[in-house]
Amino acid sequence: MMTENKSTPFDVESIRKDFPILSRKVNGYPLVYLDNAATSQKPLAVIDALVDYYSNYNANIHRGVHTLSQEATDAYEQAREKIRVHFNVRQSKEIIFTSGTTHAINLVASGFRSILQKGDEVIVSTLEHHSNIVPWQMLCESTGAVLKVLPINQEGELEMNEFSRMVSPKTKLVVVNHISNALGTINPIEEIIKITHNAGAAVLIDGAQACAHIKPDLQALDVDFYTCSAHKMCGPTGVGILFGKEEWLSKLPPYQGGGEMIKEVTYEKTTYADLPHKFEAGTPNIAGGIAYGVALDYLNKIGFDKIAQYENQLLQYATEQLLEIEGLRIFGTGKNKTSVISFNIQGIHPYDIGTIVDKLGIAVRTGHHCAQPLMDFYNIPGTVRASFAFYNTFHEIDVLIKAVKKAKQMLT
Amino acid sequence: MEIKEIQEEIIDEFSFFDDWMQRYEHMISLGKSLPLIDEQNKTDEYLIKGCQSKVWVFPEFKDGKVYFTADSDAIITKGIVALLLRVFSNQTPQDILNADTSFIDVIGLKEHLSPTRANGLVSMIKQLKMYALAYQSQLN
Ligand SMILES: Cc1ncc(COP(=O)(O)O)c(C=O)c1O
């Protein structure tokens with residue numbers, strides 16, 4: 001069992017030493033990496049795990065009787081077990097390794113083609129990332145189901161009263177992110193799951209953003225599907241998970257055919273492997289899966305309580321400082337937020353701000369953040385988004401503020 | 001002036017700056033002198049959509065030469081557009097087709113013309129040449 005080590009104090013300077021990239025320079029300035037919502041940086045332990053796998057026990061898994069294959073299989077399955085414990089999932093077979101959130105969502109959306117019927121309803125929210133919109137649109141197109149969009153208020157919070165009205169016996173699926181990547185809003189998923197279940201429908205929560213900040217207890221949430229990407233939580237790219245309740249995963253047909261996912265193959269009929277392998281066709285990202293387990297160990301050793309507490313301080317400080325800049329507006333001003341700040345300065349294009357601050361060594365994201373419907377809601381082309389991780393510092397926020405002020409001066 | 005001469009002039013102009021900030025400030029101020037596209041021509045037909053910033057370009061062909069007017073919603077993009085039009089506008093179709101944009105590298109603004117930058121500028125240069133090609137074929 002992994003336990004959160006509550007006795008070590010939170011020491012950001014020593015944490016920063018775990019991340020080799022944080023000591024590099026960009027355009028002659030020390031890197032200030034504030035694009036953590038796009039992907040997080042990786043600690044040495046995770047990088048070492050990747051090198052160790054390829055240097056010492058690279059082999060295909062679940063197939064060979066030879067020693068290397070056994071070692072690799074054991075390490076991969078141990079990672080699945082770490083993930084199970086981390087998310088408090090009942091059975092490890094309810095965790096499907098995927099290439100990330102996008103893959104996980106598509107797997108479920110594709111499976112529901114055989115379940116949904118014409119006139120059934122799928123509810124998504126205005127806050128969603130394109131990868132939690134498009135697969136459902138495709139599902140609705142192919143089944144004749146109807147896509148309904150849950151609105152938000154000006155603060156960027158879901159309209160929960162409206163949600164209660166929208167859910168009906170026609171509702172078959174509700175898909176919402178746990179935390180919005182564009183605004184940082186933490187959505188009331190407990191309430192969403194309860195209301196949806198009362199109506200007899202299933203819920204998928206896109207946890208891509210949340211998992212870097214929160215340790216969700218999936219049994220307590222009683223959610224049907226939950227997705228996550230390792231790369232946003234200190235793990236490697238190209239690996240993630242789909243959690244699904246066993247009853248749902250056994251109901252869904254396989255997503256891809258291939259090796260690993262079969263029991264028996266003849267040209268007349270193929271029978272499928274048991275969970276989780278039924279959904280894991282082909283050789284997976286073995287090194288990535290193993291390193292994901294190491295990333296979870298790393299985060300748990302610091303402790304999610306401490307991470308959340310510290311990131312919240314960064315968020316408060318950065319919000320106060322940014323709001324002192326005249327003409328600056330923050331999008332996403334809900335009460336429940338993680339360390340993501342989306343903003344614009346009146347009369348200045350976000351792209352221009354991003355370009356200038358990059359020249360000063362600061363990485364922020366600009367654009368629509370793969371959430372065009374949300375940008376349309378605010379009637380803006382995009383925003384500048386600064387997203388903070390537990391390895392960022394108050395000093396880095398000062399550097400950001402100075403750079404934004406400089407950009408504003410140059411651009412007006 | 002010939003395209004080569006204009007490019008030399010721009011390179012010369014930028015050689016006076018010691019750091020990126022001065023170069024950017026100059027480029028931004030050049031954006032303010034961009035021959036602006038008529039508001040009524042700011043239609044989808046003349047829009048080049050980058051993922052992040054938009055660029056409009058409007059061509060006209062008079063007395064054997066191509067003239068461009070343009071605009072962008074991002075001021076840095078607009079500055080680069082101004083530099084490009086200083087080179088490409090008021091030229092014959094053949095000269096436009098023969099011209100390259102390596103002067104942008106020389107003055108240290110190379111990253112703005114990267115195809116992955118998503119600001120619409122690479123597509124804009126292609127579009128300028130397409131217009132030149134179309135006018136060229138009218139001449140033949
Ligand atoms: C809320 C949300 N959903 C889905 C995704 C897609 O994740 P991935 O690209 O790792 O599949 C992201 C990543 O940006 C995200 O922030």
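A note on names: the letters A, B, ... follow the listed sequences, proteins ahead of strands, and every chain is numbered from 1.
- One finds the CD atom of B/Glu111 at 7.5 Å from the CG atom of A/Asp358 (value rounded to the nearest 0.5 Å).
- Within 6.0 Å of CD in B/Glu5 there are more than 12 heavy atoms belonging to other residues, nucleotides or ligands.
- Side-chain N or O atoms of B/Gln52 include one that pairs as donor or acceptor with a backbone N or O of A/Thr366 at under 3.5 Å.
- Heavy atoms closer than 4.5 Å to chain B are found nowhere in A/Ile348, neither backbone nor side chain.
- Around NZ of B/Lys54, the count of heavy atoms belonging to other residues, nucleotides or ligands within 6.0 Å does not exceed 12.
- Heavy atoms of B/Ile28 lying under 4.5 Å from chain A belong exclusively to its side chain.
- Contact detail for B/Thr77 and A/Asp352: the closest heavy-atom pair is N-OD1, 4.2 Å.
- The CD1 atom of B/Ile76 sits 4.0 Å away from the CD1 atom of A/Ile356 when rounded to the nearest 0.5 Å.
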Query raised in the report: Checking side-chain contact (heavy atoms from CB on, under 4.5 Å) for the pair A/Leu360/B/Met21: CA distance, chi angles, key distance, verdict?
Result: CA-CA 10 Å; A/Leu360 294 161; B/Met21 229 176 264; 4.1 Å; yes
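- In this structure, the separation between OH on B/Tyr24 and CE on A/Met410 is 8.5 Å, given to the nearest 0.5 Å.
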